[in-house]
Number of protein chains: 2
Amino acid sequence: MSRSYKDKKVITIGVISELTGLSERQIRYYEERKLIFPERSNGGTRKYSFDDVERLMEIANKMEEGMQTFEIRKQEKQKMKKEQLRDEMIRGQLNAAFKMRK
Amino acid sequence: MSRSYKDKKVITIGVISELTGLSERQIRYYEERKLIFPERSNGGTRKYSFDDVERLMEIANKMEEGMQTFEIRKQEKQKMKKEQLRDEMIRGQLNAAFKMRK
DNA sequence: CGTGTAAGGAATTCTGACACG
DNA sequence: CGTGTAAGGAATTCTGACACG
């Protein structure tokens, strides 16, 4: 419920550019490098979410620090893997606890 | 902080139309009747918030019930007045309580 | 590699008006 | 009153390419 807004892809690239301070060129390029994943309207115009705004801000910071796009992408992957592992562990422990009760 | 997204005017009329199911014509008309207040880009395109989406849904419901735009506007005004009064009362009581303590 | 830019075209939005009821 | 629609123009976005470094 509270995520419904942050995740909804409804914002146009011009507005995203204003919100993030990045050029449209940069934003499209980060998509090409698989750092960001906008949806498309029927006509083909890109649509972003507030979550994407936040992600772009992080990307911008890392770029300023001299990081390269592929490094950022790798870092993201690592983070996702860790989160997945953590979730699996939690699920596993819940499962074990559940079995013990019967 | 949690309002920062709902209030931000970033959505284009086409998307608003999709989200609400209303035609662009209807959305512009409700603005003309002072029921909704989008911002504008430099170029003049309207920009709406998620809050506006919710407001438009309510308007749509009332229209379906046969209510007229001026009635809806009047109702809104009443609601705002009530809320204002309530806030003033709370503030007044807080003030009174505060004075008593000194 | 990351970004700017000019180019041409397509999608999107805008306004004012006419129509219907 | 509330909404659809065709009309013409302007703002917005899109892609592929060249440039620089």
Side-chain angles (χ1 to χ4, degrees), chain A residues 8-77, chain B residues 8-77:
Chain A
K8 212 127 203 187
K9 308 264 188 177
V10 294
I11 314 178
T12 222
I13 197 169
V15 177
I16 293 292
S17 174
E18 286 177 17
L19 292 179
T20 60
L22 298 168
S23 71
E24 300 186 7
R25 179 68 163 103
Q26 288 174 305
I27 298 168
R28 293 197 192 98
Y29 181 67
Y30 299 153
E31 175 184 0
E32 188 184 321
R33 301 314 307 272
K34 310 283 185 197
L35 292 178
I36 194 112
F37 307 93
E39 292 181 359
R40 298 277 186 148
S41 76
N42 292 334
T45 67
R46 275 168 262 250
K47 293 188 297 184
Y48 303 84
S49 67
F50 280 112
D51 233 58
D52 291 330
V53 174
E54 293 187 4
R55 204 181 332 271
L56 281 168
M57 305 286 259
E58 286 180 27
I59 293 171
N61 284 334
K62 290 174 184 169
M63 291 299 287
E64 273 176 27
E65 289 168 17
M67 211 175 295
Q68 285 187 301
T69 56
F70 84 93
E71 297 178 283
I72 299 177
R73 187 168 59 251
K74 208 192 295 176
Q75 208 180 61
E76 290 288 294
K77 253 185 205 161
Chain B
K8 214 130 200 185
K9 308 266 186 175
V10 295
I11 314 177
T12 221
I13 197 169
V15 177
I16 293 292
S17 174
E18 285 177 16
L19 293 179
T20 61
L22 297 169
S23 71
E24 300 187 6
R25 179 68 163 103
Q26 288 174 305
I27 298 169
R28 294 197 192 98
Y29 181 67
Y30 298 153
E31 175 185 1
E32 189 184 320
R33 302 312 309 271
K34 310 283 184 195
L35 292 178
I36 193 112
F37 307 93
E39 290 181 1
R40 298 278 185 146
S41 76
N42 292 334
T45 68
R46 275 168 263 250
K47 294 187 297 184
Y48 303 83
S49 66
F50 281 112
D51 233 59
D52 291 331
V53 173
E54 294 186 2
R55 206 183 329 272
L56 281 168
M57 305 286 257
E58 287 181 27
I59 294 171
N61 284 335
K62 290 174 185 170
M63 291 299 287
E64 273 176 26
E65 291 169 16
M67 212 176 296
Q68 286 188 300
T69 56
F70 83 94
E71 297 177 284
I72 299 178
R73 188 167 61 251
K74 208 193 293 178
Q75 209 181 61
E76 289 289 294
K77 252 185 207 164

Pick base, sugar-phosphate or nothing for A/F70, based on heavy-atom distances below 4.0 Å to the nucleic acid.
nothing
Short side-chain to backbone donor-acceptor contact, B/D52 and B/S49, under 3.5 Å:
yes
Among D/dT3, C/dG2, C/dG4, the nucleotide that comes nearest once only the side chain of A/Y29 is considered
C/dG2
What is the base-pairing partner of D/dA10, counting Watson-Crick and G-U wobble geometry with both distances under 3.5 Å?
C/dT12
Atom pair distance, as rounded to whole Å: NZ in A/K62 and P in C/dG2:
14 Å
Considering Watson-Crick and G-U wobble pairs with both distances under 3.5 Å, what does C/dA19 pair with?
D/dT3
To the nearest Å, give me how far apart CG (A/L56) and P (C/dT3) are.
12 Å
Side-chain contact, heavy-atom cut-off 4.5 Å: A/E76 with A/K62?
yes
Taking CZ from B/R33 and C1' from D/dT3, how many angstroms apart are they, rounded to a whole number?
13 Å
Donor-acceptor pair, side chain of B/S41 and main chain of B/G43, under 3.5 angstrom:
yes
Can you tell which of C/dT5, D/dG2, C/dT12 lies closest to the side chain of A/R25?
C/dT5
B/M63 and B/I72, any side-chain heavy atoms less than 4.5 Å apart
yes
Side-chain contact, heavy-atom cut-off 4.5 Å: A/I13 with A/R28?
yes
A/I11 CD1 - D/dT12 P separation (whole Å)
16 Å
In this structure, how many angstroms lie between the P atom of C/dT12 and the CD1 atom of B/I27, rounded?
15 Å
Grab the N/O contacts between the protein and nucleotides 13-15 of chain C below 3.5 Å, and write none if there aren't any.
from   : atom 1 : to    : atom 2 : distance (Å)
C/dT13 : OP1    : B/T12 : OG1    : 3.1
C/dT13 : OP1    : B/G14 : N      : 3.0
C/dT13 : OP2    : B/E24 : OE2    : 3.4
C/dC14 : OP1    : B/R46 : N      : 2.6
C/dC14 : OP1    : B/R46 : NE     : 3.0
C/dC14 : OP2    : B/R28 : NE     : 3.1
C/dC14 : OP2    : B/R28 : NH2    : 3.0
C/dT15 : OP1    : B/R40 : NH1    : 3.0
C/dT15 : OP1    : B/R40 : NH2    : 3.0
C/dT15 : OP2    : B/R46 : NH2    : 2.2

With heavy-atom distances below 4.5 Å as the criterion, would you say the side chains of B/R40 and B/R46 are in contact?
yes
Do B/Y48 and B/V15 make a side-chain contact, defined as non-hydrogen atoms from C-beta onward lying under 4.5 Å apart?
no
Rounded interatomic separation in angstrom, taking CD from B/E32 and P from D/dG4
14 Å
Roughly, in whole Å, what's the span from CD in B/E71 to C1' in D/dG2?
13 Å
B/I59 CD1 to D/dG2 P, straight-line distance once rounded to whole Å
12 Å
